[in-house]
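Please read the structure below before turning to the comments.
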Protein chains: 2
Amino acid sequence: MTVAAEPCEVMTKPRQRRKEARPAELAAAALELFVEKGFAATRLDDVAARAGVGKGTVYLYFESKEALFKAAIEAAMTPTVEAAEALVECGDLSAAERLREFVHGWWRMVAGTPIGGLPKLLVAESGNFPEIAQWHYETIIRRAMRALGRIIEAGIASGEFRPVPVEFATRIVFSPMFSIIVWTRAFGDMMCDLPDPKRFLDEALDVLINGLHGERK
Amino acid sequence: MTVAAEPCEVMTKPRQRRKEARPAELAAAALELFVEKGFAATRLDDVAARAGVGKGTVYLYFESKEALFKAAIEAAMTPTVEAAEALVECGDLSAAERLREFVHGWWRMVAGTPIGGLPKLLVAESGNFPEIAQWHYETIIRRAMRALGRIIEAGIASGEFRPVPVEFATRIVFSPMFSIIVWTRAFGDMMCDLPDPKRFLDEALDVLINGLHGERK
DNA sequence: AAATAATTACTGACTGGACAGTCAGTAATT
DNA sequence: AATTACTGACTGTCCAGTCAGTAATTATTT
């Protein structure tokens, strides 16, 4: 059998050397696949293929599958939480309006991107990678919650909200966010009656803000 | 090397034949391990060992690892949702009090048991076993939500709650339950500042019930 | 500018270990 | 003696991780 000198192939681009770009490209490809299929079901051959390299190349830039996992998550998370924190700083709005801004801004930022799959992924893998889960909790979640907590504190200080325990109120506002992002990723495909997430967040904010405003029953 | 005729072993009980009891014992052992380690990381050798049988026995009663997974989940879930539905039927309480009963009763029922690990497990494996996730959603979650929804409907009908959209209100009340059960299982071990779940549920119920009562801002 | 050598980013066939699933054999029960 | 619940060593497969080899790039020589 002869080599059949390139019979109009589908653009078989030649091997390239791009030391600088590889790590980020690999991390991005890995993130997509980990979010799609989970850690165990993701093969490094596939990650390499999606990044347009051979499997060996993965090991030039990452120690192991686990190291790649960690790197992919960290690379995606850090900029996101920073952007989320920035949402808190918006002008002279009421606490209620700032809560709405924060929640909606966050949703616009993560919905439909691989980053939106991270909460589900981290929940799924928390048992197998406790160090990563802990890092994520301490570095990302705490920080995001503190941002949310500051809005609520300000609302209490100004008399707009009644004096609820901030620690708890923060987590209470978090829970619809957490639920909807995990929920849509876990069951979204198969649920014909999934409510529109934006509408859900709106209704939840209505109830919560109303609950934070009013007198204790 | 000789066989060393049983030098005071740790109660090596003889092989037994218990056709009737095996499936349930295997399903229970499997549930524990799947909840502890996830589907991929659970070895059938371990399941068999925990159930006190050899690996081959697993295949006398279950077609495959996946079939065992499905059976373990279904066996645990069905009685649980029935018990949860029964919680709705309690006497002539206000809607608010019935919500509290439902949420606390559910928590008492699942906290600290392997069943409490199922939401996290199902989230984690939803991508790899869409049929199981779909069965779970349609059979369990819908049913539990309908029970919750009935409480809210009654509260609206009696004028205790304002006329919120029930579909949404149901999911809003669900979200702190979902959050806390998944959260404690995923991050509970490593979080020194995890709030007491019972207190969290109480505070969430306060805010939510207050939010359902009051006038729209 | 062209040829040659030196360097190194990149590759993919290969290995070793882990584990789902099998089946010939064992022993409890009838 | 016949039946069958049960066993665990074995097989085939899958995949993370390796490494000898390839080719793109840079440096050096002519």
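Atom set for the values below is all heavy atoms of this structure, side chains included, hydrogens, waters and symmetry mates excluded.
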Could you check which nucleotide pairs with C/dT26 in any of the strands shown, counting Watson-Crick or G-U wobble with both distances under 3.5 Å?
D/dA5
May I ask you to test the B/P176-A/I172 pair for a side-chain heavy-atom distance under 4.5 Å?
no
Send over the distance from B/F39 CZ to C/dC19 C1', rounded to a whole Å.
12 Å
side-chain N/O B/R18 vs D/dA5 OP1/OP2, d < 4.0 Å
no
A/R43 and A/D46 ion-paired at < 4.0 Å:
yes
B/E20 CD - C/dT29 C1' separation (whole Å)
14 Å
Nearest-angstrom distance from the residue atom CG of B/D45 to P of D/dT11
16 Å
Do any side-chain nitrogens or oxygens of A/R15 fall under 4.0 Å of OP1 or OP2 in C/dT11?
no
Nucleotide C/dT30, atom C1' - distance to CD of B/Q16 in whole Å
17 Å
Could you tell me how far apart A/K19 (NZ) and C/dT7 (C1') are, to the nearest whole angstrom?
12 Å
Nucleotide nearest A/R43 (side chain, heavy atoms from C-beta), chosen from D/dC6, D/dA16, C/dA9
D/dA16
When you check the side-chain N and O atoms of B/T139 and B/W135, is any donor under 3.5 Å from an acceptor?
yes
Across the strands shown, which category fits B/L60 at heavy-atom distances under 4.0 angstrom: base, sugar-phosphate, nothing?
base
Is any side-chain heavy atom of B/L44 less than 4.5 Å from a side-chain heavy atom of B/F62?
no
Is any side-chain nitrogen or oxygen of A/Y61 closer than 4.0 Å to OP1 or OP2 of C/dC10?
yes
Gap between atoms CZ and C1', on B/F62 and C/dA20 respectively (whole Å):
16 Å
Looking at side-chain heavy atoms only, is the closest gap between A/S126 and B/R185 below 4.5 Å?
no
Just the rounded figure in Å: distance from P of D/dG17 to OH of A/Y59.
4 Å
Is it the case that D/dA24 (base atoms only) and A/R17 (side chain only) share a donor and an acceptor within less than 3.5 Å, ignoring hydrogens and angles?
yes
A/K65 NZ to D/dC15 C1', in whole Å, measures 8 Å
Return the nucleotide paired to D/dG17: Watson-Crick means purine N1 to pyrimidine N3 with N6-O4 or O6-N4, wobble means G-U with N1-O2 and O6-N3, both under 3.5 Å.
C/dC14
What does A/V53 touch in the nucleic acid at a heavy-atom separation under 4.0 angstrom: a base, only the sugar-phosphate, or nothing?
sugar-phosphate
Checking all strands, does B/K55 fall into the base, sugar-phosphate, or nothing category for heavy-atom contacts under 4.0 angstrom?
base
